[in-house]
Amino acid sequence: MVEAVETMDGWYSLHDLRTIDWTAWKLASNEERNEAIAGFEKLLAKWDAVEAEKNGSHVLYKVVGQKADLIFMFLRPTMEELNDIETELNKSKLGEFLIPAHSYVSVVELSKYRPAKDGVDPETLPETQERLKPILPKWEHICFYPMDRRREGEENWYTLEKDVRGKLLYEHSKTGRKYAGKVKQIITGSIGLDDWEWGVTLFAHEPLQFKKIVYEMRFDEVSSRYGEFGEFFVGNHLPNENVAAYLEV
Ligand code: VOV
């Protein structure tokens, strides 16, 4: 019988994409706009405080292209907290000008393909815990897309033996390691949570590195034979101090 791999699961994740209703925003009075910006800055400060306490993490980027204007990624210990964040944003003044564009629910995931070293459960290691509950990098660019492992005829990931899958992912990790310092990845599992099986969130200082790593990985067997990909979203970092200028009309 083919064996599933045990996963280690960390913080829950919500990718929340919004389009700004610029027409309504321009029609709003100065007071309304100022109130919306001040309220949003308060929310950002609240989320920053959660991050400083290491009880979660978040990032905000401006999406390039027409799929959305903003992409938030929130990480929290529970799904309830993700729900609270969405609701608070929806009820906020700025929320009146935000049109939902897309969302994705998942959980930070690492898998136990490698045998335990000296009988130590990797999940107990501090470095594993740090990767399961990561403080998201605030690098200049983000790239997010969902993916599946193929389940068709001879190309069925779910009928491969675990050691074969482990070997293919090891090859994958060797390609990934070439991008150390250039691309940072957060893999979130979404089987049973959203429409695809994994979310891939990449951060880079240079957007071209997204194209390079994704292209190079297409030739790894784990992607060429077993990878299916959804819609891609890319964006540029929006630091708190630039929010007011970004929203100025
Ligand atoms: C940026 C570099 C990078 C590095 C170092 C890296 C390493 C690793 C390791 C060591 C492992 C296995 C153990 C674990 O941690 O789970 C993985 C696992 C995984 N990866 Fe990866 N990956 C990277 C990057 C990276 C990218 C760019 C993608 C998208 C693939 C593409 O073609 O567009 C990806 C996908 C995944 C997925 C979906 C999984 C889970 C697969 C599953 O079937 O269980 N990944 N990955």
Side-chain angles (χ1 to χ4, degrees), residues 2-11 13 15 73 75 104-117 120-134 136-137 139-152 155-235:
V2 176
E3 204 192 326
V5 69
E6 211 186 312
T7 60
M8 300 180 275
D9 303 277
W11 279 340
S13 163
H15 292 76
M73 180 179 181
L75 297 178
Y104 204 77
V105 179
S106 53
V107 59
V108 179
E109 179 190 291
L110 296 171
S111 48
K112 290 187 184 177
Y113 276 108
R114 270 198 279 172
K117 235 199 252 162
V120 177
D121 179 354
E123 199 159 357
T124 61
L125 299 172
E127 56 265 35
T128 307
Q129 286 303 315
E130 253 176 51
R131 290 184 59 204
L132 290 172
K133 298 164 188 173
L136 297 169
W139 289 8
E140 288 86 337
H141 308 281
I142 195 170
C143 171
F144 166 68
Y145 55 100
M147 65 175 287
D148 283 344
R149 290 281 174 229
R150 192 166 293 145
R151 261 184 290 132
E152 272 170 28
E155 261 110 41
N156 189 334
W157 180 251
Y158 297 91
T159 54
L160 291 180
E161 291 296 336
K162 186 173 140 190
D163 62 331
V164 176
R165 284 177 280 133
K167 238 185 247 152
L168 291 175
L169 279 171
Y170 173 67
E171 291 302 316
H172 157 86
S173 75
K174 282 203 291 193
T175 305
R177 278 204 295 271
K178 291 197 228 162
Y179 291 82
K182 292 186 185 147
V183 178
K184 182 160 172 50
Q185 92 282 17
I186 307 276
I187 302 299
T188 53
S190 44
I191 294 183
L193 300 177
D194 216 321
D195 299 346
W196 294 77
E197 296 176 342
W198 284 275
V200 179
T201 308
L202 307 176
F203 297 92
H205 301 298
E206 233 299 309
L208 202 51
Q209 296 303 325
F210 295 139
K211 179 172 174 290
K212 290 196 182 292
I213 191 172
V214 176
Y215 178 67
E216 191 173 352
M217 282 190 171
R218 289 288 153 106
F219 294 91
D220 289 335
E221 205 177 334
V222 73
S223 293
S224 64
R225 292 190 69 187
Y226 302 104
E228 307 257 8
F229 302 91
E231 212 177 355
F232 282 67
F233 300 92
V234 288

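Whatever order the structure lists them in is the order used to number ligands and atoms, beginning at 1. Quick caveat: nothing in here was measured; it's all calculated off a predicted structure. These numbers come from the heavy atoms of this one structure, side chains and all, not from hydrogens, waters or symmetry mates.
- Using a cut-off of 4.0 Å between Lys/Arg side-chain N and Asp/Glu carboxylate O, D220 and K174 are scored as not salt-bridged.
- When the shell of 6.0 Å around CD of E130 is examined, it contains 12 or fewer heavy atoms from other residues, nucleotides or ligands.
- Taking the ring axis of F229 as reference, the NZ or CZ atom of R218 stays within 45° of it and closer than 6.0 Å to the ring centre.
- Contact detail for V200 and M147: the closest heavy-atom pair is CG2-SD, 3.7 Å.
- Here the two rings, on F232 and F210, have centers that are 6.0 Å apart or farther.
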Tabulate distances under 3.5 Å between N/O atoms of ligand 1 and N/O atoms of the protein, writing both atom names on each line.
residue, atom, partner, partner atom, Å
ligand 1, 16 (O), S111, N, 2.9
ligand 1, 16 (O), S111, OG, 2.6
ligand 1, 20 (N), H172, NE2, 3.0
ligand 1, 22 (N), H172, NE2, 2.9
ligand 1, 22 (N), Q185, NE2, 3.4
ligand 1, 32 (O), S223, OG, 2.6
ligand 1, 33 (O), Y145, OH, 2.6
ligand 1, 43 (O), R149, NE, 3.2
ligand 1, 45 (N), H172, NE2, 2.9
ligand 1, 46 (N), H172, NE2, 3.0

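- The salt bridge (Lys or Arg N to Asp or Glu O under 4.0 Å) test applied to E231 returns no partner, not counting sequence neighbours.
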